Amino acid sequence: MWDGSPPAACAWCGAPLRDGERLAGRTRCRGCGVATTDPWPTAAALDRAYGEWYRPGSGRFSGRGDALLRLTRGSLARRLDRIAPPGPVLDVGAGDGTLLAALRRRGRAATGLERDGSGDPAAESIDAVEGSWAAIVFWHSLEHLPEPASALARAAKLLAPGGVIVIAVPNSASLQARVFGDRWLALDPPRHLVHLTEAALRARLQELGLRVERVGYLRGGQVVFGWLEGLVGSLPGRPRLYEAIRRPAARALPLPPACRAATLLAGALLLPVALAATAVELLARRGGTVYVEARG
């Protein structure tokens, strides 16, 4: 499937996976409860998964989608500027640099890390980073890293006194993950290598001596859309709303206009159901995304 071999150990805690719970495309560790993508993708498979179509220069989303993305990153930049002490911000998995630009507009020095190691952000691995950082951000990037727990440990060492780590990740213990199972949007194989729970993330942060100050289920984004994508994908033909909202150059496969229109219509009709399900999920504190602020 992804050209690789079954992982021998949990990508989160390092425990052997020989007795792990086998699921479609992943194996759950019986110790920490975190699932590891199985089989583990090869470098070539990941290169294909992150091809030029994944984040083209023309933008990823149709309509006002990219503008909405910039708006949310601007909100995150304001939050970081408010809660972090003076000093630079490190964005691990900075994508196209939207958050970096928002931080710099606020007068914050900001550096981004990204897997392709080109442009701005330029560096790839947090292991190569030095210095002292007022804030370190893992915004829907921790699940993409081959050694996420080690990356968190390195981030904790790089924090300035009173610095803050901000994380948003899909929550595999969420209600939507349970409802949609192997069809849940946030599984996203092979790009997502580890499938975290809120409990496992909080436990790791506390082991590192960090104080969890805030946990939320809405700020991390994708909560409503996770329900909407799953509901639309449950219809006959398994339409993919996520593909339908992306620009043609940013789609994994071509999508005929009539199919796209029907998928978008289904999304509009099912939006009230998705909003109601999101409200239930938030009240239960089992959101599809978990947002965490932890201070050193």
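Note that this is a predicted model, so its numbers are computed, not measured. The chain is numbered in sequence order, starting from 1.
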So, [X] and [Y], do they make that salt bridge, N to O below 4.0 Å?
{"X": "Asp182", "Y": "Arg26", "answer": "yes"}
{"X": "Arg286", "Y": "Glu198", "answer": "no"}
{"X": "Arg183", "Y": "Glu229", "answer": "no"}
{"X": "Arg295", "Y": "Glu213", "answer": "yes"}

Any side-chain heavy-atom pair from [X] and [Y] closer than 4.5 angstrom?
{"X": "Arg247", "Y": "Phe61", "result": "no"}
{"X": "His192", "Y": "Leu187", "result": "no"}
{"X": "Trp184", "Y": "Pro170", "result": "yes"}
{"X": "Arg79", "Y": "Arg214", "result": "yes"}
{"X": "Arg60", "Y": "Leu69", "result": "yes"}
{"X": "Asp91", "Y": "Leu113", "result": "no"}
{"X": "Leu201", "Y": "Thr197", "result": "no"}
{"X": "Pro148", "Y": "Phe138", "result": "no"}

For side chain to side chain contact (heavy atoms under 4.5 Å, CB included), just list the numbers for Val292 and Val166, CA-CA rounded to whole Å, side-chain angles, deciding distance to a tenth of an Å, and then say yes or no. CA-CA 6 Å; Val292 179; Val166 171; over 6 Å; no
Nearest-0.5 Å distance that lies between atom [atom1] in [X] and atom [atom2] in [Y]:
{"X": "Leu210", "Y": "Arg202", "atom1": "CG", "atom2": "CZ", "answer": "13.0 Å"}
{"X": "Asp19", "Y": "Cys29", "atom1": "CG", "atom2": "SG", "answer": "10.0 Å"}
{"X": "Ser150", "Y": "Leu145", "atom1": "OG", "atom2": "CG", "answer": "10.0 Å"}

Let me see the working for Glu143 and Leu193 under side chain to side chain contact (heavy atoms under 4.5 Å, CB included), right down to the final yes or no. CA-CA 6 Å; Glu143 63 271 26; Leu193 300 174; over 6 Å; no
Minimum-distance pair of heavy atoms, taken over all atoms of Leu218 and Val223: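 Smallest heavy-atom distance, with atoms named: CA-CG2, 4.3 Å.
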No-hydrogen, no-angle side-chain donor-acceptor test under 3.5 Å, Thr37 and His195: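 There is such a pair between these side chains.
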Report the residues that fulfil salt bridge (Lys or Arg N to Asp or Glu O under 4.0 Å) with Arg106, sequence neighbours left out, ordered by chain and then residue number.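 Salt bridge (Lys or Arg N to Asp or Glu O under 4.0 Å) list for Arg106, sorted by chain: Asp81.
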Given 3.5 Å as the limit, does a donor-acceptor pair link the side chain of [X] with the main chain of [Y], or not?
{"X": "Ser172", "Y": "Leu196", "value": "yes"}
{"X": "Trp53", "Y": "Tyr50", "value": "no"}
{"X": "Arg108", "Y": "Gly87", "value": "yes"}
{"X": "Asn171", "Y": "Gly288", "value": "no"}

When you look at Arg240 and Leu185, which way does the side chain to side chain contact (heavy atoms under 4.5 Å, CB included) test go after all the steps? CA-CA 10 Å; Arg240 290 294 311 277; Leu185 169 69; 4.0 Å; yes
Can you classify the ring geometry of Trp139 versus Tyr291 as parallel (below 30°), tilted (30 to 60°) or perpendicular (above 60°)?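 Ring orientation, 0 to 90° scale: perpendicular.
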Working for side chain to side chain contact (heavy atoms under 4.5 Å, CB included), residues Val89 and Thr111: CA-CA 6 Å; Val89 177; Thr111 297; over 6 Å; no
Indicate every side-chain donor-acceptor pair of residues 255-276 with a distance under 3.5 Å to a residue at least two apart or in another chain.
| unit_1 | atom_1 | unit_2 | atom_2 | d |
| --- | --- | --- | --- | --- |
| Arg260 | NE | Ala244 | O | 2.7 |
| Arg260 | NH2 | Ser62 | OG | 3.0 |
| Arg260 | NH2 | Ala244 | O | 3.4 |
| Thr263 | OG1 | Cys259 | O | 2.8 |

Verify salt bridge (charged side-chain N to carboxylate O under 4.0 Å, His left out) between Asp47 and Arg115, making sure each step is shown before the conclusion. CA-CA 10 Å; Asp47 285 343; Arg115 74 181 303 274; 3.7 Å; yes
